[in-house]
Amino acid sequence: MKERLVLEAQKINKYFFNPVETQVLKDITFTINRGEFVSVMGKSGCGKSTLLYILSTMDTSYQGRLLIDDSPVTGKSSSFLSRIRNEKIGFVFQFHYLLAEFSVLENVMIPGLKLGKIGRKELEYKAMEKLRIFGMEDHALKKANQLSGGQKQRVAIARALINDPLIIMGDEPSGNLDKKNSDIVFEIFKELASTFNQTLLIVTHDPEFAAGTDRIIEMEDGRIISQ
Amino acid sequence: MKYSLLLEIAQKLMLARLKQTLVAAVGVTFSITMFVALLGFMNGLNLMLDGLVLNRTPHIRFYNEIKPNPNQPIDGSDTYKSYHNIIRSIKPNNVRKSIYNSAAMIETLQNDERVLGVAPKVSTQVFYNIGNIDITGSINGIDVDAENALFTFDDYVTVGNTGDLKNTNNSIILGKGAADRMLAQIGDVIQATTAQGNSVQLKVVGYYQSGLGELDNVQSYTSLETAQKILGEPSSFITDIQVKLKALELAPSMASDYGDLFEIKADDIQTVNAQFETGTEIRNLISYAVGITLLIVSGFGIYNILNMMIYEKMDTIAILKATGFSGRDVNIIFILIALIIGIVGGAVGLILGYLAGLGIDHLPFETEALPTITTFPVDFNPRYYIIGGVFSLLTTYMAGYFPAKKASSVDPVEIIRGK
Ligand SMILES: Nc1ncnc2c1ncn2[C@@H]1O[C@H](COP(=O)(O)OP(=O)(O)O)[C@@H](O)[C@H]1O
Ligand SMILES: [Mg+2]
């Protein structure tokens, strides 16, 4: 039986028109299988972030076709795409984006509350489980801005996991952390891949980290040069 | 479930900006308080001023008008019928002031079910004799019971008892101004002369004070019988028939109907007091304008604060959108913030407005001119509270609409990339 594809990009092209017309992505075509741990490497400015925003359905102005979980998402309504992001994609940013007004636990729970598939009590339990994986359960009731950078990033990963997403995408998730903390984050991703068979697509600068993944997609000037 | 989550997020955003949120809510509270208090006070005054005149004015008044006969003999002449006849200096012929067949008219009116009550009156000009000096005045002979029931006559008799008019022969309730001029005390006997030259002695049993100085300087009251006796007329002599209706609006049409039927002059209250209606309307218009201006200003306050909040919370909005909240969800969150500010601020404003009304209602307001009023009048009509409530919701919704729309169209990619 052919394995279902988690994500499929077909000839994706992207232009920016400001200040002058530039093509940032050129015929990007690749697939990601279930359980694969893929890293994306390339020089700064080659279009990695731009690609990730398209793959995560946040950016919809591109040419080509994008399929998630074997169904096309290109050209779908924004509320449909919101639902896809909520249910199937976990996103980890370079900067620790947490909601400052909410506690750590609430931050993790919010995408789950939004999805509304399980009740609040159950969700709280599940969120605590996720925090426990990353050793953050003791900080559950702190406000998000009372944490260190590394801790925030761990919470952000826990949040990305709360709805058991099809794929986790990360845009240089350790790029803003010191060596020790970025090692911790790498370990977490590796463990997610090996122990939980989580599909991952992570943009990174770190060759050492990339070497530990199943597959490396190399980009240069908006093209994939090897994968 | 879905809305409760959005509500929770809205609450957290407001708590994070508690001070500004409170300032916005206080703005709404202030304007609603002012709106309700102002309108209540304004309308209280309006009702009082209207009451001053309208309560005492018959809805329809029947009387014989003194005017020249419209049918002059020359119009009946065959020779000059087709000419334009111009006659100058026509004099009215000797019309009787008394209403012909008044008893039958009163009975007809009393049997009309639209009529609340009928009060006959005899009014006549007199001179009050004070030593060598005569001052002009007018005496109204009234049916005391009907006058009390229909025109709250006893409210305006500040000293003495209206019943004495019936019980004491040849008694008079003097207008306060007239009494002051004559230095007439209660129990004194004054002398008056009618236009026909009859001289009468009348015993002062009370003072009448309407609040309208001009009236109080000349007007005095006796019973119907006393007035008829002064004039030397029989008990069928009536100069005015005053009618109070169940519905004020019917006055003009009924006045013209009965005027034609009785072949007599009939004035309705709307025609006589048109200027009061206009005054009331303009005062109302001004208070509404001021109130609504206040609300709109507080709406701008909310608009500003929401706009600021959106700029500050761009990151929050971006995260919410990145983790699966739709533009509509974000829109609802900010509309909820605006509405919560409106509801809380508005509700407190309504309560404070009511309390302010109570406060004004207890402020002493005593003036010579208005003997029946001791405190400022306030109208607690629920209408102002409903209008205030609806308007506070409406303006806060409008104030939230554009910021919320802006928030809902925030592009998360732009924010995330901007870091
Ligand atoms: N909003 C934008 N308008 C114009 N050009 C942009 C915009 N965003 C990014 N770019 C350009 O697109 C290219 C790719 O950017 P990006 O995807 O952020 O690269 P990477 O993440 O690989 O460093 C860069 O040359 C950048 O200057
Ligand atoms: Mg980048």
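Chain letters run A, B, ... following the sequence lines, proteins first, then strands; residues in each count from 1. This one's a predicted model, so the numbers in the text were calculated from it and none came from an experiment.
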Should we count CE of Met314(B) as having more than 12 external heavy atoms under 6.0 Å? yes
Derivation and outcome, side-chain hydrogen bond (donor to acceptor under 3.5 Å, both in side chains), residues Arg83(A) and Ser326(B): CA-CA 8 Å; Arg83(A) 178 93 189 160; Ser326(B) 64; over 6 Å; no
Got a sec: does the CZ of Arg132(A) have more than 12 other heavy atoms crowding it under 6.0 Å? yes
Can you name the nearest heavy-atom pair linking Gly324(B) to Lys114(A), along with the distance? O-CE, 3.5 Å
Ignoring hydrogens, what is the shortest heavy-atom contact between Lys321(B) and Arg85(A)? Give both atom names and the distance. O-NE, 2.9 Å
Between Ile415(B) and Tyr97(A), what is the shortest heavy-atom contact and its length? O-OH, 3.6 Å
Can you name the closest pair of heavy atoms from Val413(B) and Tyr53(A) and give their distance? CG1-CD1, 3.6 Å
Answer yes or no: does atom OH of Tyr397(B) have more than 12 heavy-atom neighbours from other residues, nucleotides or ligands under 6.0 Å? no
Pair count under 4.5 Å, heavy atoms only, with chain A: among Asp411(B), Leu320(B), Thr316(B), highest is Thr316(B)
For the atom pair CG (Leu5(B)) and CG (Leu115(A)), what is the distance rounded to the nearest 0.5 Å? 11.0 Å
Carefully, step by step, assess Glu101(A) and Ile9(B) under the rule side-chain contact (heavy atoms from CB on, under 4.5 Å). CA-CA 9 Å; Glu101(A) 300 83 7; Ile9(B) 295 173; over 6 Å; no
Taking all heavy atoms of Arg159(A) and all of Thr323(B), pick out the closest pair and write down the distance. NE-CG2, 4.0 Å
Which answer fits Glu106(A), side chain, backbone, both or neither, if we ask what part of it has an atom under 4.5 Å from a heavy atom of chain B? side chain
Mark yes when over 12 heavy atoms from residues, nucleotides or ligands other than Phe16(A) sit less than 6.0 Å from its CZ; otherwise mark no. yes
Using a cut-off of 6.0 Å, state whether more than 12 heavy atoms not belonging to His205(A) lie near its atom NE2. yes
So that I can tick it off, tell me whether Glu8(B) and Arg120(A) are bridged by a salt bridge, with the cut-off set at under 4.0 angstrom between side-chain N and carboxylate O. yes
Phe391(B), CZ atom: more than 12 neighbouring heavy atoms under 6.0 Å: no
Value for CD1 (Ile416(B)) from OG (Ser49(A)), rounded to nearest 0.5 Å, stands at 10.0 Å
Looking at chain B, which one of Leu81(A), Asn86(A), Thr50(A), Ile162(A) has the largest number of heavy-atom pairs inside 4.5 Å, strictly under? Asn86(A)
Should we count CE of Met14(B) as having more than 12 external heavy atoms under 6.0 Å? yes
Can you confirm whether Tyr288(B) is buried at OH, in the sense that more than 12 heavy atoms of other residues, nucleotides or ligands lie under 6.0 Å from that atom? yes
Here the pair of heavy atoms bringing Ala322(B) nearest to Phe93(A) is CB-CZ, 3.6 Å
Counting only heavy atoms closer than 4.5 Å, note whether Ile89(A) contacts chain B via side chain, backbone, both or neither. neither
